[in-house]
Amino acid sequence: MSPPPPPLGRARKRDAQLFDPALCDAELIDVRSQFAQGRWAKVRSLLVGTGDDWDRRGHRVVVLAQTPAATAWAREWLLAEPDSADAATLLACAAVFTALRHKCTPAAAEDACRRAAALLPDDPTPWLGLLLLSRAFGTEEEFSRHFDQVRARHREHHHAHHLMVAKLAERTLAPGQDPLHEVYDFAAWAAEESPADSPLAVLPVVAHAERYRVLAATRGHTPEAAAAHWEGRRARQVLRSAFDWWLEWERDDHPRNRVDLNFLAHAKLCEGRPAEAAALFHRIGSHATRAPWSYPDRDPHKAFLAARNVALGTA
């Protein structure tokens with residue numbers, strides 16, 4: 001089944017914090033508010049403390065880079081500390097998001113990312129910036145090359161694998177060949193290559209949702225098509241495996257774990273298992289993510305609230 005239709009009316013005030021990209025990183029949220037006012041010294045301390053926890057570093061830099069005036073404050077920091085790899089990486093990622101808003105050229109953002117990468121060669125974060133950039137403006141070859149650079153530095157990079165799955169899901173196959181789509185093989189391979197407690201165990205579910213997004217856009221969104229996608233043998237297998245992984249290994253310490261939980265809750269509702277989805281919604285709390293609740297072409301805020309109400313029996 002597909003998720004329920006969104007309710008009418010305004011969202012309640014307590015849901016105003018939905019879709020904050022910082023998710024449940026309270027330390028990041030505090031530092032971000034100070035960075036927005038130009039106090040970049042707190043960002044410096046945050047990133048020094050993050051160290052080589054690459055998933056957390058990437059998450060924090062990406063969120064800070066989307067802060068209004070991030071470019072100006074990161075540039076001020078870099079002027080004060082010209083050799084700071086942290087300042088250069090933050091400035092580079094801010095340039096990426098500026099380019100994505102069409103406020104600067106992709107070439108300028110790419111140059112900034114490569115300068116940052118040269119300052120700290122082990123860091124995958126500048127390459128994550130290039131991956132985001134090539135997702136929007138580059139060729140498939142460039143995108144794959146940047147993904148390989150990220151993975152060479154951190155084999156389980158969460159954000160990079162999600163970007164790759166979204167990109168692969170958009171490749172077309174001959175009619176009737178979707179069960180053989182390469183995005184499923186890639187996600188299964190990445191999950192199998194990772195340790196047992198890796199959040200990439202949920203990647204096959206993400207692949208199924210991303211392919212659902214593409215198919216719904218190309219074939220039209222009908223209840224029959226949604227049911228066929230979510231209730232087939234492959235879907236049942238990956239959903240059962242991912243939910244079992246969550247029960248045994250949930251990585252609440254991972255900075256992007258709420259991303260996985262949103263995908264899994266969405267999938268469980270699509271599968272027609274609201275009781276299992278309810279347990280996931282309790283863990284998600286107010287940390288909703290736009291994907292996959294916006295699939296296909298929906299208002300994610302209304303869709304998330306409606307889905308949560310159905311799962312929790314408050315509809």
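Computed from a prediction, not measured in an experiment: that's the story for all the values here.
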Q: Do Leu280 and Lys268 touch side chain to side chain, with heavy atoms closer than 4.5 Å?
A: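 Yes, close enough: below the 4.5 Å cut-off.
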Q: Answer yes or no: is there a side-chain heavy-atom contact under 4.5 Å between Trp246 and Val202?
A: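 Heavy-atom side-chain distance check fails, nothing below 4.5 Å.
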Q: Taking only residues at least two apart or on different chains, which pairs with a member in residues 88-108 satisfy salt bridge (Lys or Arg N to Asp or Glu O under 4.0 Å)?
A: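 The answer is none; no pair qualifies.
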Q: Can you find a pair of side-chain heavy atoms, one from Arg135 and one from Lys167, that are under 4.5 Å apart?
A: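 In short, these two side chains touch, coming nearer than 4.5 Å.
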Q: Between Thr125 and Asp123, does any side-chain donor sit less than 3.5 Å from a side-chain acceptor?
A: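 Yes, because at least one side-chain N or O of Thr125 sits under 3.5 Å from a partner of the opposite role on Asp123.
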Q: For residues 66-84, pull every pair meeting salt bridge (Lys or Arg N to Asp or Glu O under 4.0 Å), keeping only residues two or more places apart or in separate chains.
A: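 Output for this query lists Arg44-Glu81.
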Q: Is there a path of hydrophobic side-chain contacts, each under 4.5 Å between heavy atoms of I, L, V, M, F, W or Y residues, that connects Tyr212 with Val259?
A: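 Same cluster.
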Q: CG of Asn257 to CZ of Arg283: how many Å apart, nearest 0.5 Å?
A: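 Separation between the atoms: 7.0 Å.
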Q: Quick one: pull up NE2 in His282 and CG in Leu312 and give me the separation to the nearest 0.5 Å.
A: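 Output value for this atom pair is 5.0 Å.
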Q: Identify whether Leu131 and Leu168 are in the same connected component of the hydrophobic contact network (ILVMFWY, side-chain heavy atoms under 4.5 Å).
A: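 Yes: a chain of side-chain contacts under 4.5 Å links Leu131 to Leu168.
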Q: In Å, rounded to the nearest 0.5 Å, how long is the span from CG of Leu239 to CG of Asp244?
A: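 Those atoms lie 10.5 Å apart.
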Q: Of the options His59, Met164, Arg256, which is the one that meets His159 in a side chain to side chain contact (heavy atoms under 4.5 Å, CB included)?
A: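 The single option meeting the side chain to side chain contact (heavy atoms under 4.5 Å, CB included) with His159 is Arg256.
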Q: When rounded to the nearest 0.5 angstrom, what distance separates CG in Leu46 from CZ in Arg32?
A: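 Atom-to-atom, Leu46:CG and Arg32:CZ are 11.5 Å apart.
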Q: So do the side chains of Arg56 and Val61 get within less than 4.5 Å of each other, counting heavy atoms only?
A: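 No; the side chains remain at least 4.5 Å from each other.
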Q: Can any side-chain N or O of His266 pair as donor or acceptor with the backbone N or O of Trp293 at less than 3.5 Å?
A: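 No.
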Q: Under the salt bridge (Lys or Arg N to Asp or Glu O under 4.0 Å) definition, can you give me all pairs with a residue in residues 112-122, not counting sequence neighbours?
A: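 Salt bridge (Lys or Arg N to Asp or Glu O under 4.0 Å) check on residues 112-122 returns Glu110-Arg114.
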Q: Measuring from atom CG of Leu264 to atom CG of Leu269, what distance do you get when rounded to the nearest 0.5 angstrom?
A: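 That separation rounds to 10.5 Å.
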Q: Taking ring pair (Phe, Tyr, Trp, His ring centres under 6.0 Å) as the definition, give me every residue that meets it alongside Phe147, ordered by chain and number, with sequence neighbours left out.
A: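 Only His161, Phe186 meet the ring pair (Phe, Tyr, Trp, His ring centres under 6.0 Å) criterion with Phe147.
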Q: Does Leu261 reach the side chain of Thr289, with side-chain heavy atoms less than 4.5 Å apart?
A: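 No, side chains not in contact.
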Q: Checking Arg213 against Tyr295: charged group under 6.0 Å from the ring centre and within 45 degrees of the axis?
A: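 Judged by the rule (NZ or CZ under 6.0 Å from the ring centre, within 45° of its axis), Arg213 counts as positioned above Tyr295.
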Q: For His162, give me all partners under ring pair (Phe, Tyr, Trp, His ring centres under 6.0 Å), at least two apart in sequence or on another chain.
A: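 Here the qualifying residues are His158, Phe263.
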Q: Would you mind reporting whether Leu163 and Phe143 have side-chain heavy atoms less than 4.5 Å apart?
A: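 Result yes, sub-4.5 Å side-chain heavy-atom pair found.
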Q: Can you hop from Val62 to Phe137 via hydrophobic side chains spaced under 4.5 Å?
A: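 Shared cluster, yes.
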Q: So, are Arg251 and Asp55 salt-bridged, with charged N and O less than 4.0 Å apart?
A: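 Here Arg251 does not pair with Asp55 in a salt bridge, since their nearest N and O are not under 4.0 Å apart.
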Q: Do the side chains of Trp73 and Trp77 join up, straight or via other hydrophobic residues, at under 4.5 Å, putting them in one cluster?
A: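 Shared cluster, yes.
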Q: Apply side-chain contact (heavy atoms from CB on, under 4.5 Å) to Arg145 and list each qualifying residue two or more places apart in sequence or on a separate chain.
A: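 Once residues adjacent in sequence are excluded, the partners of Arg145 under the side-chain contact (heavy atoms from CB on, under 4.5 Å) criterion are Glu141, Glu142.
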Q: By side-chain contact (heavy atoms from CB on, under 4.5 Å), which residues pair with Gln34, not counting sequence neighbours?
A: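 Result, side-chain contact (heavy atoms from CB on, under 4.5 Å) vs Gln34: Asp30, Arg39, Lys42.
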Q: Which atom pairs, donor and acceptor, lie under 3.5 Å between side-chain atoms of residues 90-98 and protein residues at least two apart or in another chain?
A:
unit_1: Thr98; atom_1: OG1; unit_2: Ala94; atom_2: O; d: 2.8

Q: Between the side chain of Thr89 and the main-chain N/O of Asp86, is any donor-acceptor distance below 3.5 Å?
A: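 Absent.
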Q: A side-chain contact here means heavy atoms from C-beta on lying under 4.5 Å apart; do Leu305 and Leu18 qualify?
A: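 Heavy-atom side-chain distance check passes, below 4.5 Å.
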Q: So Tyr184 and His208, would you call those rings parallel, tilted or perpendicular, with 30° and 60° as cut-offs?
A: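 Because their plane-to-plane angle lies in the 30° to 60° range, the rings of Tyr184 and His208 count as tilted.
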Q: Using 0.5 Å steps for rounding, measure from the CH2 atom of Trp230 to the CZ atom of Arg236.
A: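 Trp230 CH2 to Arg236 CZ: 14.0 Å, rounded to 0.5 Å.
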Q: Can you list everything that forms a ring pair (Phe, Tyr, Trp, His ring centres under 6.0 Å) with Trp127? Sequence neighbours excluded, please.
A: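 Trp127 satisfies ring pair (Phe, Tyr, Trp, His ring centres under 6.0 Å) with no residue once adjacent residues are dropped.
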Q: Please say whether more than 12 non-hydrogen atoms of neighbouring residues, nucleotides or ligands are located less than 6.0 Å from CG in Asp253.
A: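 Atom CG in Asp253 is packed in, count exceeds 12.
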Q: Side chain to side chain contact (heavy atoms under 4.5 Å, CB included) between Ile29 and Val63: does it pass, once the steps are laid out?
A: CA-CA 9 Å; Ile29 292 169; Val63 171; over 6 Å; no
Q: Can you list every salt bridge (Lys or Arg N to Asp or Glu O under 4.0 Å) pair that touches residues 59-68, not counting sequence neighbours?
A: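 Found Asp25-Arg60, Glu27-Arg60.
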Q: Mind checking whether Leu130 and Leu120 sit in one hydrophobic cluster, side chains of I, L, V, M, F, W, Y counted as touching below 4.5 Å?
A: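 The answer is no; the residues belong to distinct hydrophobic clusters.
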Q: Mind checking side-chain contact (heavy atoms from CB on, under 4.5 Å) for Asp52 and listing every partner two or more places apart, or none if nothing turns up?
A: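 Per chain and number, Asp52 pairs via side-chain contact (heavy atoms from CB on, under 4.5 Å) with Trp54.
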Q: Going by ring pair (Phe, Tyr, Trp, His ring centres under 6.0 Å), name the residues that satisfy it together with His146, two or more places apart in sequence or in a different chain.
A: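 Scan of His146 (ring pair (Phe, Tyr, Trp, His ring centres under 6.0 Å), adjacent residues dropped) gives none.
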Q: Can you find a heavy atom in the side chain of Asn262 that is under 4.5 Å from one in the side chain of Pro292?
A: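 Sidechains of Pro292 and Asn262: in contact.
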